[in-house]
Each structure stands twice: as C-alpha cells, then as structure tokens.
S.K.: 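My structure is below; once you've seen it, I'll send some questions.
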Amino acid sequence: MICMITFWRRKVMVQTVFIKHLSEHIGETIMIQGWLHTKRSSGKVAFLQLRDGTGFVQGVVTKAEVSEEIFARAIALTQESSLRVTGTVVKDERAPSGVELQIQDVEVVYLTHDYPITPKEHGVDFLLDHRHLWIRGPRQRAILKIRAEIIKAIRSFLDERDFTQVDPPILTPSSCEGTTTLFHTQYFDRDAYLTQSGQLYMEAAAMALGRVYSFGPTFRAEKSKTRRHLIEFWMIEPEMAYTTHEESLVIQEQLVAYIIQHVLTHCAIELKTLGRDLTKLQQVIAPFPRISYDEAITLLQKDGHEIQWGEDFGAPHEAAIVEHFSRPVFIERFPTTIKAFYMKPDPARPEVVLCADLLAPEGYGEIIGGSQRIDDPDLLAARFAEHELPEEAYAWYMDLRKYGSVPHSGFGLGLERTVAWICGLEHVRETIPFPRLLYRLYP
RNA sequence: UCCUCGAUAGCUCAGCGGUAGAGCAUCCGGCUGUUAACCGGAGGGUCGUAGGUUCGAAUCCUACUCGGGGAGCCA
C-alpha cells in the first residue's frame, strides 16, 4: 500500500509495511500502522515498542531529529494507543529482531487512557476477564499464530493425502457416544444437543467420499476443571474407508510428526517468544513407540500403582506411562468393556478392541483417540442392545453397515491439547482465543 | 459432585487481635540507548458479602458468593 503523507512539509510517497517484512526494507522510509505496546523515554530520546499484529519492533524518536511537536507527541503516547509512524528501517544488533525504526513522524490515531494490562504480572482471573485485550500481548499472539499454523499443517497433510473435508452437524438429535454430558438446547419444539463428536457422521461421509476429515467445535457439559479441559474445544476427526487399525496408526503418527516439523520451520520466532525447549519437539519423529494396554498395566504395576486389568487409566496413570518415553506413545487394544460401543473387537482376542490413545510427552495427556470401527451389522446391533441405545435414532448409522459395509478406521485429534503441548503451556485456556471454562462464559 | 487453596488500592501482593502498607500502573518533574528502564514527588481503600466472638476484627469463628489448582470424565 502506498500512502501520501506530509513529511518535512512536503508531500511524499511512503509505503506501508507489515512489521514482519521490515528486514526486506533496510534503508527505506516506510510507514507502520499499529499500536504502542510499551514506551520508555528519557528527556531527549523515546523508545516506542510498536506492534501491528504481524510482529513487534522498536521505534526510536530522537529529539534532535524531529520537531518539538512530534517529540512531544511521542512522549505523550500511552500504552495501546493506536498510531501510524513513519521512519527509516535500520539494522541494529541491539534489537531482538535485528531491525529498528528511526522515527520521523508520529500520527496518533487514538490516544488510549488507563489500559488495564500493564507490563507487570497479573493473575489468571484478571487476565481471563480481559481476554479480549490479553490476546494483544506478544505471548498470546505467538500462541494464536502457532494454533493457526497447526491447523494449516493438519489441512495440508490431509489434503495432500486425498482426504476431503466434510462438515458434520453441530446441532444433533442425540449423543454420539452416549457417555459424556451434552449441552441441551431447543430445536423449535423438539430437544436437541450440541455435538460432542462428529464421528458417526464422518463414518457416513467416509462411505461416500473414501477419506474424509472434519474440523470443528465440540461441546461437553462436564464439570471438568483442570489444565487439560475446555467446555468448548476443537477436534479434527479423520475417517478412512478400507483402512485398518494398523494403517490408521501410521497416518496418526505421520500427521503429528508433520505438524511438529511444520511448526518448527514456520514458527521459530513464536516458539522463541514462548521460550519453548525445541530439543523436546525435535525428537518427535515417526514412528512412535507403541505399547499394548496389557503392557501398560504391567508397567504401572511395576511402578507401584494399584491398577488391575480391566480398569481405565486415570490422569496419574497416564503421567506415569508417559514418563518412560520422550516421544508421543500409543497405547493399543483396551478392554472392550471400557471403550465405546462402535469399536471393533480384535479378531484374535475379542476381549480387547482395535483402538489406540496417543499420549503426548511432558504430561500433556491424550491428544488422539482412535479405533477401527465395527463393520459387521449383526455385531453392531448386538452392541446397541448391550448399551441400551435407541435403535430408531441410530437407524441411519446401522444403514452404513447394511449397505456396502467396509473395514474402516478413524480418530479424533484434540486441537487445544496439541497446541498446549507444542507451545509448552501450563493450561489449555491460552490455546483458544476465547476459552469457555467451567465457571467462565465472559468475554 | 468431591478434595484443596484463595478474595486487602486499577494490578500483583504483604499485614494474621491495637489508627491501612509496598512495588507497579496513573498524574507532575528529571534523565540521549532503554528493553518488566531508572530517580524524586502526589493522588488513590466500606480489607468479597452477612452474621458472631471481643473493650477493640483486614486479622478469630460460622454461613454464603465468586474464583484458582486437582480428582473423576474425557480430547
């Protein structure tokens, strides 16, 4: 973009540049449109930390080089005032990004007063109440950029492998898995629920399009209050026709490894802002270690945990298992009784199902849950009866087995947990722009 | 739902039975390389709410409200 500005009382042409591209404009006079992040000043020089969404850069206003009026305007700037600055891009070894802006003119777009989030520390409650402003900070910006890159990586990985994106409904007539608590709402004069998984619909889509994936929000009305839980979160749910459990695992580990590589190459600045230990991420190369549920139980018992075959893992168990690995680890073949009704039993051992959870390292918990699905109509009908599911509500799902049933597998990847892990965050609430938490619906 | 911790200035916290404090932010002044800048000054409070104990409660007790961390459940 080219703008006309008044510069030293002459009309001149100045190009507007995004901060992330400044290093391509060394020696040029350009304009930045953005906000004042912070300011430090002495009597004769002012340092303006500028941001425009694409990055941060320091602008220097030297009293000797600008008019009294411009210097006074720079000194009077407040945190988060919006402004346009014109200046010369210079290389400077003292600058974290390697470049600085020698400012010649400052135009105040809006002078802010009493911006609530000061450069000092704040509590979680205060920051979440001001989430709409908190996302302006460098750390939150870095997280949201990485989230976007992770989404981009997932899409390109799947798109390159002949997957088609299919969007399942968000308003549904009933539960997909029948276990977790659903958000209830009204669908005119009928009951409806917000989706907690698009999986069953994706199975229908896979029979139509072969390889499909959904990417959308899911809602769980559970009173979970931990660093790994959100009430509203986003999942990627691929579903693949003519695909076995084993083949699905290969896709899963390749996908996760691809995401990590993409973020390492495209988000170096953001990872640095977050202070992420890159060596931990660089180790994430496929294939990932796999252990069976049986082996996991033995491992836990050896570690002194009181757990018996047939019980599900709790958070402490997952943490204990993950400690033995520096990469994500698959736990395969859980007991049939503790898993969802649609999972296919292992033909060699019907007491376990062809499923796997992928546990992220460093205690970030389960990031993927997947399985091969039951393709035999009689077995599926039997499962419906065992779980006392209403057959009429799932008639369409039964049809998928009745008409051209094939072996198929799929999985769900939790976006926020993946973002938290890659960013090295303490809590998933920072991985989504406006987190919905147990006791928080504002802003 | 359960366990646990907390609520004092705009923010982060100290004070834990005897007149309400600090740092930062804000405002005023100073400073030519700051990067959580620094130095000097000023303003700023029904100590979450309601009861109780006490000569006296921010402080001790009870209830409630709101929130943090964790468990279960899950991604």
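Worth saying up front: this structure is predicted, and the values here are computed from it rather than measured. Reminder, nothing fancy here: chain letters follow the sequence lines and each chain counts from 1.
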S.K.: From C-beta outward on A:Ser224, which listed nucleotide comes closest to its side chain: B:C73, B:C74, B:G68?
M.R.: B:C73
S.K.: With A:Glu270, which of A:Lys20, A:Arg139, A:Lys145, A:Arg141 fulfils salt bridge (charged side-chain N to carboxylate O under 4.0 Å, His left out)?
M.R.: A:Arg141
S.K.: Tell me whether the side-chain N or O atoms of A:Arg417 pair up with the base of B:C74 as donor and acceptor below 3.5 Å, since no angle test is needed here.
M.R.: yes
S.K.: Contact class for A:Gln102 (heavy atom, under 4.0 Å): base, sugar-phosphate, or nothing?
M.R.: base
S.K.: With A:Gln372, which of A:Lys344, A:Met343, A:Glu246 fulfils side-chain contact (heavy atoms from CB on, under 4.5 Å)?
M.R.: A:Lys344
S.K.: What is the distance, rounded to the nearest whole Å, between atom CG of A:Leu359 and atom P of B:C74?
M.R.: 14 Å
S.K.: Do A:Tyr201 and A:Trp396 make the cut of ring centroids closer than 6.0 angstrom?
M.R.: yes
S.K.: Can you name the salt bridge (Lys or Arg N to Asp or Glu O under 4.0 Å) partners of A:Glu107, sequence neighbours left out?
M.R.: A:Arg84
S.K.: Mind checking who B:G44 pairs with, Watson-Crick or G-U wobble, both distances under 3.5 Å?
M.R.: none
S.K.: Rounded to whole angstrom, note down the P distance from B:A36 over to B:U49.
M.R.: 37 Å
S.K.: Could you tell me whether A:Ile269 atom CD1 has more than 12 heavy atoms of other residues or ligands within 6.0 Å of it?
M.R.: no
S.K.: Would a line drawn from the ring center of A:Phe288 to the ring center of A:Phe325 be shorter than 6.0 Å?
M.R.: no
S.K.: Would A:Glu332 and A:His245 count as a side chain to side chain donor-acceptor pair (under 3.5 Å) if you check the C-alpha gap in whole Å, the side-chain angles of each, and the deciding distance to 0.1 Å?
M.R.: CA-CA 10 Å; A:Glu332 288 187 273; A:His245 168 65; 2.9 Å; yes
S.K.: Between atom CD in A:Glu222 and atom C1' in B:A75, what is the gap in whole Å?
M.R.: 10 Å
S.K.: Heavy atoms from C-beta onward define the side chain here; which of B:A75, B:G33, B:G68 lies closest to that of A:Leu230?
M.R.: B:A75
S.K.: Anything under 3.5 Å between a protein N or O and an N or O of nucleotides 9-12 of chain B, put it in a table, one pair a line.
M.R.:
residue, atom, partner, partner atom, Å
B:C11, O2', A:Glu121, O, 3.3
B:C11, O2', A:His122, ND1, 2.5
B:U12, OP1, A:Gly123, N, 2.9
B:U12, O4', A:Glu121, O, 3.4
B:U12, O2', A:Glu121, OE2, 3.3

S.K.: Determine the interatomic distance between C1' on B:U54 and the same-named atom on B:C11; round to the nearest Å.
M.R.: 35 Å
S.K.: Quick check: on RNA chain B, is the nucleotide nearest A:Phe233 upstream (toward 5') of the one nearest A:Ala315, or the reverse? Name the residue that is more 5'.
M.R.: A:Ala315
S.K.: C1' atom, B:C13 versus B:U62: distance in rounded Å?
M.R.: 27 Å
S.K.: Taking atom P in both B:C28 and B:G33, what distance in whole Å separates the two?
M.R.: 23 Å
S.K.: Under 4.0 Å, heavy atom to any atom of RNA chain B: which of residues 425-433 of chain A qualify?
M.R.: A:His427, A:Arg429
S.K.: Quick one, A:Phe313 with A:Tyr293, criterion ring-ring contact (aromatic ring centres under 6.0 Å, His included). Give me CA distance, side-chain angles, the key distance, then yes/no.
M.R.: CA-CA 10 Å; A:Phe313 301 132; A:Tyr293 171 87; 5.3 Å; yes
S.K.: Nearest whole angstrom, please: distance from the P of B:A75 to the CZ of A:Arg436.
M.R.: 22 Å
S.K.: Strictly by Watson-Crick or wobble contacts shorter than 3.5 Å, is anything paired with B:A71, and which nucleotide is it?
M.R.: B:U1
S.K.: Between B:C24 atom C1' and A:Ile117 atom CD1, what is the distance in whole Å?
M.R.: 15 Å
S.K.: For B:A63 versus B:G6, give the span between their P atoms, rounded off to a whole number of Å.
M.R.: 16 Å
S.K.: Write down the partner of B:A50 under the Watson-Crick or G-U wobble criteria, each distance required to be under 3.5 Å.
M.R.: B:U62
S.K.: May I have the distance from A:Lys225 (atom NZ) to B:G72 (atom P), rounded to whole angstrom?
M.R.: 15 Å
S.K.: Can you check the distance between B:U53 and B:C60, where both ends of the measurement are the C1' atom (answer in whole Å)?
M.R.: 8 Å
S.K.: Under 4.0 angstrom, heavy atoms only, what part of the nucleic acid is A:Pro316 near: base, sugar-phosphate, or nothing?
M.R.: sugar-phosphate
S.K.: So, A:Tyr439 and B:G67: ring centres less than 5.5 Å apart, planes less than 30° off, yes or no?
M.R.: no
S.K.: Any pair with a residue in residues 411-428 of chain A that passes side-chain hydrogen bond (donor to acceptor under 3.5 Å, both in side chains), sequence neighbours left out, goes on the list, sorted by first then second residue, please.
M.R.: A:Arg147-A:Glu416, A:Arg227-A:Glu426
S.K.: Applying side chain to side chain contact (heavy atoms under 4.5 Å, CB included), run through A:Leu101 and A:Val60 and close with a yes or a no.
M.R.: CA-CA 6 Å; A:Leu101 199 63; A:Val60 186; over 6 Å; no
S.K.: Assign A:Glu93 to base, sugar-phosphate, or nothing according to its heavy-atom contacts below 4.0 angstrom with the strands shown.
M.R.: nothing
S.K.: Sequence neighbours excluded, which residues qualify as salt bridge (Lys or Arg N to Asp or Glu O under 4.0 Å) partners of A:Glu121?
M.R.: none
S.K.: Give the ring-plane orientation class for A:His262 versus A:Tyr258, where under 30° counts as parallel, over 60° as perpendicular and anything between as tilted.
M.R.: parallel
S.K.: Has A:Glu247 got more than 12 heavy atoms of other residues, nucleotides or ligands less than 6.0 Å from its CD?
M.R.: yes
S.K.: Let me know, please, whether A:Asp92 or A:His229 comes out on the 5' side of the other along RNA chain B by nearest nucleotide.
M.R.: A:Asp92
S.K.: So what does A:Asp312 touch, heavy atoms closer than 4.0 Å: a base, only the sugar-phosphate, or nothing?
M.R.: sugar-phosphate
S.K.: Counting the atoms with a prime plus P, OP1 and OP2 as sugar-phosphate, which does A:Gln58 contact under 4.0 Å by heavy atoms, base, sugar-phosphate, or nothing?
M.R.: base
S.K.: Using purine N1 to pyrimidine N3 plus N6-O4 or O6-N4 for Watson-Crick, or N1-O2 and O6-N3 for G-U wobble, each under 3.5 Å, what pairs with B:G18?
M.R.: B:C55
S.K.: Using the C1' atom as the point on both nucleotides, what is the distance between B:C47 and B:G21, in whole Å?
M.R.: 12 Å
S.K.: B:C73 P sits how many Å from A:Gln196 CD, rounded?
M.R.: 15 Å
S.K.: Summarise how protein sits on nucleotides 26-32 of chain B as a single string, 5' to 3': B when a protein heavy atom is under 4.0 Å from the base, S for sugar-phosphate-only contact, - for no contact.
M.R.: S----BB
S.K.: Among B:A75, B:C74, B:G33, find the nucleotide with the atom closest to the side chain of A:Arg94.
M.R.: B:G33
S.K.: Determine the Euclidean distance between corresponding P atoms of B:G17 and B:A57; express it in Å to zero decimal places.
M.R.: 14 Å
S.K.: Indicate, with a heavy-atom threshold strictly under 4.0 Å, whether A:Gly314 touches base, sugar-phosphate, or nothing.
M.R.: sugar-phosphate
S.K.: In terms of ring plane angle, is the pair A:His37 and A:Phe56 parallel, tilted or perpendicular, where the classes change at 30° and 60°?
M.R.: perpendicular
S.K.: Check whether any side-chain nitrogen or oxygen of A:Arg139 sits under 4.0 Å from OP1 or OP2 of B:A36, and answer yes or no.
M.R.: no
S.K.: When you check the side-chain N and O atoms of A:Thr88 and A:Gln104, is any donor under 3.5 Å from an acceptor?
M.R.: yes
S.K.: Between B:U34, B:G72, B:G68, spot the one nearest the side chain of A:Lys223, thanks.
M.R.: B:G72
S.K.: Strictly by Watson-Crick or wobble contacts shorter than 3.5 Å, is anything paired with B:C24, and which nucleotide is it?
M.R.: B:G10
